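Predicted model, so just to flag it, every value in this text is computed and none were measured.
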Amino acid sequence: MKRRNFLLGLAAVAIPVSTAAMQDERVLGTGTVTATFTGWERGDYLWARFQREGSGRRETAMVDDDSIGAFLEAHRARPLRLWIETVRTDLPEAGRTEVRRVVFVRSGGLSAERWWNGLSPRYRRAWLRRYHEAIE
């Protein structure tokens with residue numbers, strides 16, 4: 001996946017975001033939410049369930065990156081800051097549709113990418129196994 005930087009608020013934060021043109025997608029918007037990860041929803045695709053801090057509103061977003069999925073599983077029930085991208089894409093089951101997708105997440109000062117890169121190969125395998133067991 002190609003990466004690009006976004007300016008969010010007043011601080012510059014390097015956030016990995018998929019390049020929509022590579023996947024015949026159009027990015028409609030991005031935003032951040034503070035929420036708690038509550039679990040998984042599986043249908044044709046994998047969806048992460050979140051409960052927004054403050055309002056208690058429940059939301060879902062796609063997760064298509066194993067490191068983000070494993071990070072969410074490792075930080076279940078903890079406050080998270082999520083960067084969510086809304087894209088218009090083609091899904092075989094639905095045709096051209098809008099989808100929300102988690103593209104970056106952090107807990108406190110620890111991002112999913114930094115957490116994942118800091119794990120030994122043994123712990124990566126263990127967290128991937130735990131993540132895959134949780135989504136099945």
* **Rounded distance (nearest 0.5 Å) linking atom CZ of Arg96 with atom CD of Glu25** => 8.0 Å

* Nearest 0.5 Å, what's the CZ-OG1 distance between Arg58 and Thr36? -> 11.0 Å

* Partner residues of Ala126 under the side chain to side chain contact (heavy atoms under 4.5 Å, CB included) criterion, sequence neighbours left out -> Arg129

* OG1 of Thr34 to CZ of Arg81: how many Å apart, nearest 0.5 Å? -> 3.5 Å

* Asked: Under a 4.5 Å cut-off applied to non-hydrogen side-chain atoms, are Tyr45 and Asp64 in contact?
  -> no

* Asked: Is the number of heavy atoms from other residues, nucleotides or ligands within 6.0 Å of CZ (Arg42) greater than 12?
  -> yes

* Listed by chain and number, what are the side-chain hydrogen bond (donor to acceptor under 3.5 Å, both in side chains) partners of Arg78, not counting sequence neighbours? -> none

* Structure fact -> Output for pair (Thr38 OG1, Arg49 CZ), nearest 0.5 Å, gives 5.0 Å

* Any donor-acceptor pair under 3.5 Å linking the side chain of Arg114 with the backbone of Gly109? -> yes

* Measure the spacing between CD of Glu73 and NE2 of His75 and express it to the nearest 0.5 Å. => 11.5 Å

* Sub-4.5 Å side-chain heavy-atom contact between Leu28 and Glu98 -> yes

* Please examine the side chains of Asp65 and Phe104, heavy atoms only from C-beta on, and report whether any two atoms are closer than 4.5 Å. => no

* Closest contact, heavy atoms only, Pro79 versus Glu53 -> CB-OE1, 4.1 Å

* Structure fact -> Rounded to the nearest 0.5 angstrom, the CE-CZ distance for Met62 and Arg101 is 7.5 Å

* Should Arg52 and Glu59 count as an ion pair when the cut-off is N to O under 4.0 Å? -> yes

* Among Ile, Leu, Val, Met, Phe, Trp and Tyr joined by side-chain contacts under 4.5 Å, find the other residues sharing a cluster with Leu80 and list them by chain and number. => Val33, Phe37, Trp40, Leu46, Phe50, Val63, Ile68, Phe71, Leu72, Leu82, Ile84, Val102, Val105, Leu110, Trp115, Trp116, Leu119, Tyr123, Trp127, Leu128, Tyr131, Ile135

* So do the side chains of Ser67 and Glu113 get within less than 4.5 Å of each other, counting heavy atoms only? -> no

